[in-house]
2 protein chains.
Amino acid sequence: MDAAAAPINVAVDLVVLTLRQGRLSVLLVQREDEPYAGTWALPGGFVQLEEDLLAAAHRVLQSEASLGREHTYLEQLRTFGDAGRDPRGRVISVAFMALGADLPDPVFGPGAADARFWNLTDIDPAALAFDHAEILGTAVERARAKLEYTTLATSFLPPEFTISQLRGVYESVWGTSLDPGNFHRKATRSPGFVVDLGTQTDGTGGRPARLFAAGEGTVLNPPLLRGGD
Amino acid sequence: MDAAAAPINVAVDLVVLTLRQGRLSVLLVQREDEPYAGTWALPGGFVQLEEDLLAAAHRVLQSEASLGREHTYLEQLRTFGDAGRDPRGRVISVAFMALGADLPDPVFGPGAADARFWNLTDIDPAALAFDHAEILGTAVERARAKLEYTTLATSFLPPEFTISQLRGVYESVWGTSLDPGNFHRKATRSPGFVVDLGTQTDGTGGRPARLFAAGEGTVLNPPLLRGGD
DNA sequence: CCAATAGTGTCTATGAGACATTATGGG
DNA sequence: CCCATAATGTCTCATAGACACTATTGG
């Protein structure tokens, strides 16, 4: 804790994930300025001197994605700080992951030429600015892992949802398909995962589904496993 | 990624965990200088301008705990950066967790009045400097969780160890007791966890135990669960 | 032989997954 | 009636955990 302090710049970068048409998507911003002008990057910004890291992340989320604190999950991933990661000088970036239900395309602010959600599969990682491909990969990996043992999947859904929609989250994020019957049982029996609202959807060519809301629990015990074999 | 850059100082803080006499212990340094002179803190130091974060963590590990890169597991935890966490000004700290086999008491360097390993149970969290109690808590939680689904436990042991010693790691870190027979089966049957060396200890009042080394695997599948109910 | 620890076998309950079956809506 | 989707039931297999048992050393 004692040595010469160095003038290092601190930024936050956000991996905003959502599902669009059942596909995992991430918000990217096309940079207007150098370095990496014209290329796509994660939304981010420098941390202000008196600003908590989480507050900085929320500020960027608001300004670059028009997303408020409600209905958006936000957690710190980790910090990327290799000496050569930014050509402008020493910049370390505290990366955050945000999850939300089918988010709108953002109204982009200054510094951005364009901003929109990309299907994960349409992104060429090598084309992203800075080390953002690595940050994005870390976020996706974290999201996939957390679906197994937390109730995080509900963050991808609106306040009221069906078990099919919840299953769709798992299938989209994991890229697998799951047995509807078995999934239904596990989801409804995991304590604290979902709450039966008693209401129903109107059937769209099938039996109407019950509506659920996210439960109070955060941990899934027992976990919902991918076939990790 | 575009706003006024602020002069924020970046530090690394280390949570160095080891087992001493079968108890989970952490390295603390008694601060010599203000702020918090005389109180115990996690070892740490400022990041140099041209230095990767991981390199800074390794440097602190070497200088404050005399620990080289060999036989020491090191991973980033997360970054603690609330605006008011350091009375000297804005300092954000990238926290790392280090694990090692029964580590020696360190020769402490400048800035420290004393340095030694503390049993976790002997620490009064409220007495630690800065927000180090929160950092320590995060590390312990992470270590406990990672024992479940990774092969990390072997990091607490010397290159050759018995299954009993491995079980002791779990029991010490989790604070539980495990069935020796069942643990033995699970540990030896988890692919990539341990490698049978074919050699034996000399029995110390009991049947001699086979010696094992850490396997190549990093993930434990299926996981070794705490009774999380 | 006894004590102590290492390692294996056996039984049972639980849960995952495959798959069948019933329930409930719309054309 | 048929189709589609929701929800539940049933069967089988694998595994966790309790616990008994065998193996191998030293005293």
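Proteins come first, then strands; the chains are lettered A, B, ... in the order of their sequence lines, and each starts at number 1.
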Query raised in the report: Which part of the nucleic acid does B:Arg210 contact within heavy-atom distance under 4.0 Å: base, sugar-phosphate only, or nothing?
Result: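 Result for B:Arg210 = sugar-phosphate.
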Query raised in the report: A:Pro222 near the nucleic acid: base, sugar-phosphate alone, or nothing, with a heavy-atom cut-off under 4.0 Å?
Result: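 The answer is sugar-phosphate, as A:Pro222 gets under 4.0 Å only of primed atoms, P, OP1 or OP2.
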If I take atom [atom1] in residue [X] and atom [atom2] in nucleotide [N], what distance separates them, rounded to the nearest angstrom?
| X | N | atom1 | atom2 | value |
| --- | --- | --- | --- | --- |
| A:Asp196 | D:dA6 | CG | P | 15 Å |
| A:Phe183 | D:dT8 | CZ | C1' | 16 Å |
| A:Leu211 | C:dT24 | CG | P | 17 Å |
| A:Gln200 | C:dA23 | CD | P | 15 Å |
| A:Leu225 | D:dT15 | CG | P | 12 Å |
| B:Leu178 | D:dA16 | CG | P | 13 Å |
| B:Tyr149 | D:dA16 | OH | C1' | 21 Å |
| B:Arg226 | D:dG17 | CZ | P | 13 Å |

Query raised in the report: DNA chain C: A:Gly181 or A:Gly205, which has the more 5' nearest nucleotide?
Result: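 The answer here is A:Gly181.
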**Report entry** Side-chain donor/acceptor of A:Arg185 to base of D:dG9, under 3.5 Å
**Finding:**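 Per atom types, the contact qualifies.
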**Report entry** Under-3.5 Å donor-acceptor pair between B:Asp179 side chain and D:dA16 base
**Finding:**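 No, the side chain and the base share no sub-3.5 Å donor-acceptor pair.
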Query raised in the report: So, is B:Ser164 close to the C:dA6 phosphate, meaning a side-chain N or O under 4.0 Å from OP1 or OP2?
Result: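 Checking C:dA6 against B:Ser164, a side-chain N or O does come within under 4.0 Å of OP1 or OP2.
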Requested in this report: Look at the side-chain N and O atoms of B:His184 and state whether any lies under 4.0 Å from the OP1 or OP2 oxygen of C:dA6.
Outcome: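 The answer is no; no side-chain N or O of B:His184 sits under 4.0 Å from OP1 or OP2.
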Query raised in the report: Between B:Gly192 and B:Thr151, which heavy-atom pair has the shortest distance, and what is it?
Result: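 For B:Gly192 versus B:Thr151, the nearest heavy atoms are O-CG2, 4.3 Å.
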**Report entry** Contact summary for A:Phe80 and B:Leu53, nearest pair of heavy atoms
**Finding:**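 A:Phe80 and B:Leu53 have their closest heavy atoms at C-CD1, 4.3 Å.
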Report task. Can you label the angle between the A:Trp174 ring and the A:Tyr170 ring as parallel, tilted or perpendicular, going by 30° and 60°? Result ->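 Judged by the thresholds at 30° and 60°, the geometry between A:Trp174 and A:Tyr170 is perpendicular.
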In terms of side-chain heavy atoms of [X], which of [options] is nearest?
| X | options | result |
| --- | --- | --- |
| B:Pro208 | C:dA6, D:dA6, D:dT25 | D:dT25 |
| B:Asn182 | D:dA18, D:dG9, C:dA16 | D:dA18 |
| B:Arg207 | C:dG7, D:dT25, C:dA16 | C:dG7 |

Query raised in the report: Thinking salt bridges, do B:Glu141 and B:Arg78 make one under a 4.0 Å N-O criterion?
Result: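 The answer is no: the pair does not qualify as a salt bridge.
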**Report entry** OG1 on B:Thr39 to CZ on B:Phe130, rounded to 0.5 Å
**Finding:**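 One gets 7.5 Å once the value is rounded to the nearest 0.5 Å.
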